[in-house]
*Asks:* 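For reference, the structure I am asking about is given below.
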Amino acid sequence: MADRPDNSAFDGSNKPQLALHVPEPKYRPGDTVDFTDLNVPPAGEQARPDETCDPKETAPLCHDLVRVLGDDDKAHGPWDPKLSPDVLRTMLGHFATVRAFDERMFRGQRQGKTSFYMKCTGEEATSVSAAMALASDDMVFPSYRQQGVLIARGYPLIEMINQIYSNKGDKLKGRQLPIMYSSREHSFFSISGNLATQTPQAVGWAMASAIKGDSRIAATWLGEGSTAEGDFHSACTFAAVYNAPVILNVINNQWAISSFSGFAGAERTTFAARALGYGLAGLRVDGNDPLAVYASQKWAADRARANAGPTLIEYFTYRAEGHSTSDDPSGYRSAQEREEWPLGDPVMRLKRHLIALGEWDEDRQAEMDENAATHVKQTTKEAEKNGILGHGLHHPFRTMFEDVFEELPWHLKEQAEQAVHEREVKFPEGLPNR
Amino acid sequence: MSETAQKDAKTADNDVERRLNMIEAINDALDIMLDRDPDVIVMGEDVGYFGGVFRCTAGLQEKFGKTRVFDTPISECGIIGVAVGMGAYGLRPVPEIQFADYIYPGLDQLISEAARLRYRSAAEYIAPLTVRSPFGGGIFGGQTHSQSPESIFTHVSGLKTVIPSTPYDAKGLLISAIEDNDPVIFFEPKRIYNGPFSGYYDKPVEPWKKHEQSKVPEGYYSIPLGKARTVREGGEMTILAYGTMVHVVESVAREKGVDAEILDLRTLVPLDIEAIEASVRKTGRCMIVHEATRTSGFGAELSALVQERCFYHLEAPIARVTGFDTPYPHSLEWAYFPGPVRIGEAIDKLLSE
Ligand SMILES: Cc1ncc(C[n+]2csc(CCOP(=O)(O)OP(=O)(O)O)c2C)c(N)n1
Ligand SMILES: [Mg+2]
């Protein structure tokens, strides 16, 4: 480059050339995976500060990993939530349901019963165990991978399937992509396809609850990849500024479609450590350890409820399956990653823990899994009576125009008439059955 | 075209000419521009190693390296913002926004920054970026994978908006967009990535290779921005369309045996007003078709222009056929889509007036 001014940065030719760093994951398809360099501390060794502590006190925990369940399948240390065997069995039951549900719905998509599905395999604890630590009317603002929250809150499976099939029984009138549930009754916010938008909304809900002197708090979930969106950073700022009673859950499942966590900054620091810059309390937690997930969520909920402020929790986990039914991960990551994942599988870990406590056995597990599969299968059959996606035309055409506004303006009335007219032209004998 | 994409590109056995689908044509254009101009940078969510969720950038990182073609954080604001900064340095970034529905977090960088940089700096700085993004519905994508937000961008002074409807055009227009020194929004109609669309969702997709416009020559060529394509000539009416709807109106016009002149606008800004005027003056009737919502849609602009310039040649009110003013529904997608019935009846009405 010619004609540089005096004192140009170019002066001093012994300086290195600038070079762009583009992150690269350790393993690509076919690579042998070795996770031994992943620092997995022993369970039970992490300190547990008081829930009302200064956010600064959580700084060490932002780089550590809160773990309760050890290799011996026993619970260790100050984070042990000391849940009764009954509660643990309930949790295990939710896990079984989520897994059976994911299996069946994924297959349903493959069989052409709907357009889309997303599993949460390997990440069940981050939603089920977390939801169990919240009050049933704490408001949750989920992303698309928190079916476990709905199941833990007792949302009827048939409602979920009706939504997935966009059929006559779908409360959302077939408007939303499958799995974009909403249930006000279960304090579960309407899911958006636009990433991270729910995070400042959760903070706003929590601020409202504080304005009104309520006792309910808000919790939100988003993927590690989505933390790159500006919305998340606005959420952190507002949460800190107003000391909002909110929990920001970052589900670090290592992948965002084909992009590894390095593209959200994981090569430099942890996601939990984001908390420090904002002045939030932060925890980094083994997301495949159901007890640690429960305990950390409970800690943050108690903190928020005591007006001690917001918490950002990173749940360190692994997306065991593809991103969605539209994705084939064998094109960008090593299949061995799943097998080698050092934090194991949350369902197996909880099962082994209960067995170690003498409160469970393989036969009862097999029975539980079978019951879950049967329940899901029967409910699916039931839901199919309301139709599967098929041609999609299950709902009266005028419903398309409802809820755009509270009242139908003239132009939507005209358009609704047009839509109904088109249906009569296209299907003079009524809609085809499906 | 990159090797991976070349392997994918299917050449019809009994045809020496190279035929590409729209994805391959876009890949080819990017490949050529990366090769010709060392300042061209391709980036976006999942575009690097994986080659894009629709495969438009397949093989490009392998060929041109990680500092020319790379993945980005999931931040559309960041993607467009850094593209503006790279442009200020002198690069020619071609960011991809994974779905047009996800461009909104980047709007401030696009509208307040990219579109106005030339103006506010009296051309000291420019923003020569080309923002590629799949748009439009017809794939059961629900409200966040189906929108057609083009008129949000045509409303912004300083942005160009380009929408190809064939593989041949996609390549030539994308090359022009990349070479253009102003920011260009390049919307790719995802419903026709793999084949043109007749509007009958229950009929099998016809692959591009049977279509004349899938003949895509090797190497560099460009199609100027601001020139419409006459899809077919006719005397009874002019139909203005772009993207997926070009194919839908063509099939409806054929089916109805109407002597329609169909213009594929190809670029909305700058608009080929001469071609529009000449055609409407000739036919005396004008119909505008787009998939986007109706109110303040680009059809409103077209209708105003035609009325202002061709009023005394019009024999009937200008007709608009559009998507409805609702979010894009998931299950009622085919009740929403401006398909053969809506278009066919509008044609009948226009002819009867
Ligand atoms: C604003 C926005 N940009 C892009 C997308 C497309 N997209 C959908 S999911 C996804 C990856 C998200 O990854 P992560 O946040 O890690 O969540 P995970 O899928 O791993 O649960 C992307 C890029 C989107 N839905 N919204
Ligand atoms: Mg992720």
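All chains are named by letter (A, B, ...) in the order of the sequence lines, taking the proteins before the strands, and each is independently numbered beginning at 1.
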*Asks:* Pick one of side chain, backbone, both or neither for Phe116(A), based on which atoms fall under 4.5 Å of a heavy atom in chain B.
*Replies:* neither
*Asks:* If you count heavy-atom pairs within less than 4.5 Å of chain B, which of Ala416(A), Ser166(A), Gly331(A) leads?
*Replies:* Ser166(A)
*Asks:* Side chain, backbone, both or neither: which part of Pro25(A) has a non-hydrogen atom closer than 4.5 Å to chain B?
*Replies:* neither
*Asks:* Mark yes or no for whether Asp325(B), through its side chain, and Thr295(B), through its backbone, hold a donor-acceptor pair below 3.5 Å.
*Replies:* yes
*Asks:* Counting only heavy atoms closer than 4.5 Å, note whether Gln98(B) contacts chain A via side chain, backbone, both or neither.
*Replies:* side chain
*Asks:* Who wins among Pro73(B), Gly339(B), Cys77(B), Pro329(B) for the most heavy-atom pairs under 4.5 Å with chain A?
*Replies:* Pro73(B)
*Asks:* Is it the backbone or the side chain of Glu345(B) that comes under 4.5 Å from a heavy atom of chain A, or both, or neither?
*Replies:* side chain
*Asks:* Is it the side chain or the backbone of Pro396(A) that comes within 4.5 Å of chain B heavy atoms, both, or neither?
*Replies:* backbone
*Asks:* Below 4.5 Å from any heavy atom of chain B, which atoms of His411(A) appear? Answer side chain, backbone, both or neither.
*Replies:* side chain
*Asks:* OG of Ser330(A) to CG of Asp327(A): how many Å apart, nearest 0.5 Å?
*Replies:* 9.0 Å
*Asks:* Mind checking whether Phe197(B) and Phe337(B) have ring centres under 6.0 Å apart?
*Replies:* yes
*Asks:* Measure from NZ or CZ of Arg55(B) to the centre of the six-membered ring of Phe50(B) and say whether it is under 6.0 Å with the direction within 45° of the ring axis.
*Replies:* yes
*Asks:* To the nearest 0.5 Å, what is the distance between OH (Tyr336(B)) and OG (Ser146(B))?
*Replies:* 9.0 Å
*Asks:* Looking only at heavy atoms and a cut-off of under 4.5 Å, which of Gly141(B), Ser331(B), Gly142(B) has the most pairs with chain A?
*Replies:* Ser331(B)
*Asks:* Are the side chains of Tyr200(B) and Glu255(B) in contact, using a 4.5 Å heavy-atom criterion?
*Replies:* yes
*Asks:* For the candidates Lys173(A), Arg175(A), Gln415(A), which exhibits the highest count of non-hydrogen atom pairs separated by less than 4.5 Å from chain B?
*Replies:* Gln415(A)
*Asks:* Which one of Asn167(A), Asn194(A), Val404(A) has the most heavy-atom pairs closer than 4.5 Å to chain B?
*Replies:* Asn194(A)
*Asks:* Distance-only, no hydrogens or angles: does the Asn194(B) side chain make a donor-acceptor pair with backbone N or O of Asn21(B) under 3.5 Å?
*Replies:* no
*Asks:* Nearest 0.5 angstrom please: Asp170(A) CG to Thr399(A) OG1, how far?
*Replies:* 10.0 Å
*Asks:* Does the ring centre of Phe99(B) sit less than 6.0 Å away from the ring centre of Phe54(B)?
*Replies:* yes
*Asks:* Counting heavy-atom pairs under 4.5 Å to chain B, which of His21(A), Arg423(A), Arg28(A) comes out on top?
*Replies:* Arg28(A)
*Asks:* Quick check for you: among Gly265(A), Ser259(A), Ala264(A), Ala419(A), which has the greatest number of heavy-atom pairs under 4.5 Å with chain B?
*Replies:* Ser259(A)
*Asks:* When heavy-atom pairs shorter than 4.5 Å are enumerated against chain B, which of Ser326(A), Gly223(A), Pro178(A), Gly262(A) gives the highest number?
*Replies:* Pro178(A)
*Asks:* As an exercise: rank Asp71(B), Asp101(B), Val341(B), Ile139(B) by heavy-atom pairs under 4.5 Å with chain A and give me the winner.
*Replies:* Asp71(B)
*Asks:* Would you mind checking which part of Leu20(A) comes under 4.5 Å of any heavy atom in chain B, side chain (CB onward), backbone (N, CA, C, O), both or neither?
*Replies:* both
*Asks:* Between Phe140(B), Tyr328(B), Phe324(B), which has the largest tally of heavy atom pairs under 4.5 Å with chain A?
*Replies:* Phe324(B)
*Asks:* Counting only non-hydrogen atoms closer than 4.5 Å, does Val425(A) touch chain B with its backbone (N, CA, C, O), its side chain (CB onward), both, or neither?
*Replies:* side chain
*Asks:* Surrounding CZ of Phe238(A) (heavy atoms of other residues, nucleotides or ligands, distance under 6.0 Å), is the total greater than 12?
*Replies:* no
*Asks:* Examine whether an atom of Phe427(A) lies under 4.5 Å from a heavy atom of chain B, and if so say whether it belongs to the side chain, the backbone or both; otherwise answer neither.
*Replies:* side chain
*Asks:* For the pair Arg333(A) and Asp31(A), find out whether any cationic side-chain nitrogen is under 4.0 Å from an anionic carboxylate oxygen.
*Replies:* no
*Asks:* Please classify the contact between Asp202(B) and chain A as side chain, backbone, both or neither, with a heavy-atom cut-off of under 4.5 Å.
*Replies:* neither
*Asks:* Go through the steps to decide whether Val203(A) and Leu248(A) satisfy the test side chain to side chain contact (heavy atoms under 4.5 Å, CB included), and finish with yes or no.
*Replies:* CA-CA 9 Å; Val203(A) 176; Leu248(A) 304 163; 4.3 Å; yes
*Asks:* Relative to chain B, which segment of His421(A) carries a heavy atom at a distance below 4.5 Å: side chain, backbone, both, or neither?
*Replies:* side chain
*Asks:* Leu393(A) versus chain B, heavy atoms under 4.5 Å apart: side chain, backbone, both or neither?
*Replies:* both
*Asks:* Is there a side-chain contact between Glu96(B) and Glu45(B) (heavy atoms, below 4.5 Å)?
*Replies:* no
